[in-house]
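Scroll down for the structure; my scribbles are underneath it.
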Amino acid sequence: MTGLLTVVGLGPGAAEHRTPAAAQAVREAEVVLGYSAYIDACADLLGAGQTVLRGRMTEESRRAEQAVALAAAGHRVALVSSGDAGVYGMATLALSTAAELPVARRPEVRVLPGVTAALASSALVGAPLAHDFACLTLSSLLTPWEEVERRLRAVAAADLALALYNPRSAGRTWQLDRAREVLLEHRGPGTQVALVTDAARPEQHVRLTTLGELDSSVVGMTTTVLVGASATRRLGDWLVTPRAAGA
Ligand code: SAH
């Protein structure tokens with residue numbers, strides 16, 4: 001029997017921001033695996049007949065191996081991530097782990113999209129990512145910090161709007177302040193910034209500020225920092241990036 005591994009992006013939080021395809025894949029799975037908070041995010045879809053394996057944040061490769069092994073053994077498996085599983089999520093690990101198996105033993109793998117944090121966050125403040133934009137993670141766990149700075153400089157110099165993921169955690173407290181300094185090398189202090197925390201969750205919170213006044217102490221693990229391009233304007237409570245000069 002050929003199993004199926006579905007890598008599922010659950011969206012940013014509330015069930016109404018989850019795609020019907022994602023919900024169906026979780027409901028139909030015999031085994032659901034994911035970091036504990038992501039299992040909670042799809043608890044409404046889980047039934048008594050399913051095996052649910054909760055993992056820790058740091059056990060991602062083990063979780064991917066487990067998911068692939070179960071699918072290779074013939075099970076229908078859903079591996080869940082928040083947002084989109086292909087954006088700083090589990091999709092890469094799952095696909096590369098499956099690719100290591102001999103073709104004859106490799107399970108079918110599907111990746112289902114989800115609303116990523118940058119988009120859930122930008123919608124709450126209007127349309128700051130309406131033209132060209134970039135996403136960067138400030139977590140130097142997987143990217144060396146020098147490389148993060150090099151990319152920040154390139155984005156700032158290219159005048160792209162920017163969504164910063166993983167801006168701060170209990171153990172990573174200086175990165176956002178340093179990122180702000182690097183961005184200020186190319187961008188004015190009046191550059192629009194939105195701090196969106198827990199988008200699409202009950203604790204959802206939005207703060208509008210500027211690069212010059214950005215207070216990193218109010219940013220946490222579940223915040224996405226949106227930095228406007230030079231053309232991004234504040235219109236009341238909205239941030240808007242024109243889609244063409246003057247539009
Ligand atoms: N795969 C996820 C991202 C995981 S990285 C996605 O596509 O959204 C984790 C980072 O995502 C957090 O540090 C935060 O910057 C951002 N994030 C995740 N959920 C969020 C939410 N509901 N609101 C704001 N930011 C969020």
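Please read all numbers here as calculations on a predicted model, not as lab measurements. Just so you know, ligand 1 is whichever comes first in the structure, and atom 1 is the first atom listed for that ligand.
- Listed by chain and number, the residues in a side chain to side chain contact (heavy atoms under 4.5 Å, CB included) with L53 are V31, L33, T51, Q66, L70 (sequence neighbours excluded).
- Under 4.0 Å is where a charged nitrogen must lie from a carboxylate oxygen, and between E65 and R62 no such pair does.
- Protein residues lining ligand 1, listed by chain and number: P12, S82, G83, D84, V87, Y88, T116, A117, S121, Y165, N166, P167, V196, D198, A199, R201, M221, T222, T223, T224 [non-hydrogen atoms, distance under 4.0 Å].
- Interatomic distance, D159 CG to D132 CG, rounded to the nearest 0.5 Å: 10.0 Å.
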Test side chain to side chain donor-acceptor pair (under 3.5 Å) on S81 and Y35; report intermediate values, then the result.
CA-CA 8 Å; S81 277; Y35 165 55; over 6 Å; no
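- Residues R151 and E147 are paired through a salt bridge, judged by an N-O separation under 4.0 Å between the basic side chain and the carboxylate.
- Rounded to the nearest 0.5 Å, atoms CG (D198) and OG1 (T222) are 3.5 Å apart.
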